[in-house]
Amino acid sequence: MANKYFDFGKVKRSFYTTKLRDGTTLVVEMPKKKTFEKMQEVSETDKDDSNIDAYNKLLELMAEILSNNRNKKKITAEYLEEEGYTIEDIVTYIDNYTEFVNTITRNPN
């Protein structure tokens, strides 16, 4: 009888390196379930909507994505707003990060 063994510590991880406007570089990890669900929810809404609630949701989502980094640096929506990230910046980043996540989840290996 063959014995098998699996070690989660040896799983090859994928990261999304992100450089912020202030020069900080974050190594962003794959999203946790809660963040992934929020990404799905946001993708189903109209990002062209100029509604302030939609903007705030996107800002919060970007902060949550960025806060899931290897250095454990907390990024807040307030910080992103103070740094002058526009709705265009936020939508572009979330779209690119989502494409990265989808590429990994579609990979059969």
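If you're wondering where the values come from, they're calculated on a predicted model, not measured in any experiment.
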N/O donor-acceptor pairs under 3.5 Å from side chains in residues 9-16, not counting sequence neighbours:
unit_1 : atom_1 : unit_2 : atom_2 : d
R13    : NH2    : F8     : O      : 3.2

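In this view, K33 and E37 satisfy the side chain to side chain donor-acceptor pair (under 3.5 Å) rule, not counting sequence neighbours. E99 meets the salt bridge (charged side-chain N to carboxylate O under 4.0 Å, His left out) test with R106; sequence neighbours excluded. Annotation: side chain to side chain donor-acceptor pair (under 3.5 Å) contacts of Y93 (sequence neighbours excluded): T18.
I90 contributes atom CD1, which lies 4.5 Å from atom CG of L59 (distance to the nearest 0.5 angstrom). Between atom CE of residue M39 and atom CG of residue D95 there is a gap of 9.5 Å, rounded to the nearest 0.5 Å. Atom CZ of F36 and atom CD1 of I65 lie 11.0 Å apart (nearest 0.5 Å).
Applying the salt bridge (Lys or Arg N to Asp or Glu O under 4.0 Å) test to every pair with at least one member in residues 59-81, sequence neighbours left out, gives these pairs: E29-R70, K38-E64. Residue pairs meeting the salt bridge (Lys or Arg N to Asp or Glu O under 4.0 Å) criterion with at least one partner in residues 16-25, sequence neighbours excluded, are R21-D89.
In this structure, T86 and Y55 approach most closely via the heavy-atom pair C-CE1, 4.5 Å. Here the closest heavy-atom approach between residue L80 and residue A63 is recorded as CD1-N, 3.7 Å. Contact detail for L66 and L26: the closest heavy-atom pair is O-CD1, 3.8 Å.
When the side chains of ILVMFWY residues are joined at heavy-atom separations under 4.5 Å, either directly or via intervening members, L20 and V27 end up in two distinct hydrophobic clusters.
At least one side-chain heavy atom of L61 sits less than 4.5 Å from a side-chain heavy atom of I94.
No donor-acceptor pair under 3.5 Å is formed between the side chain of N68 and the backbone N or O of V28.
For Y79, the OH atom is densely surrounded, since the number of other residues' heavy atoms within 6.0 Å is greater than 12.
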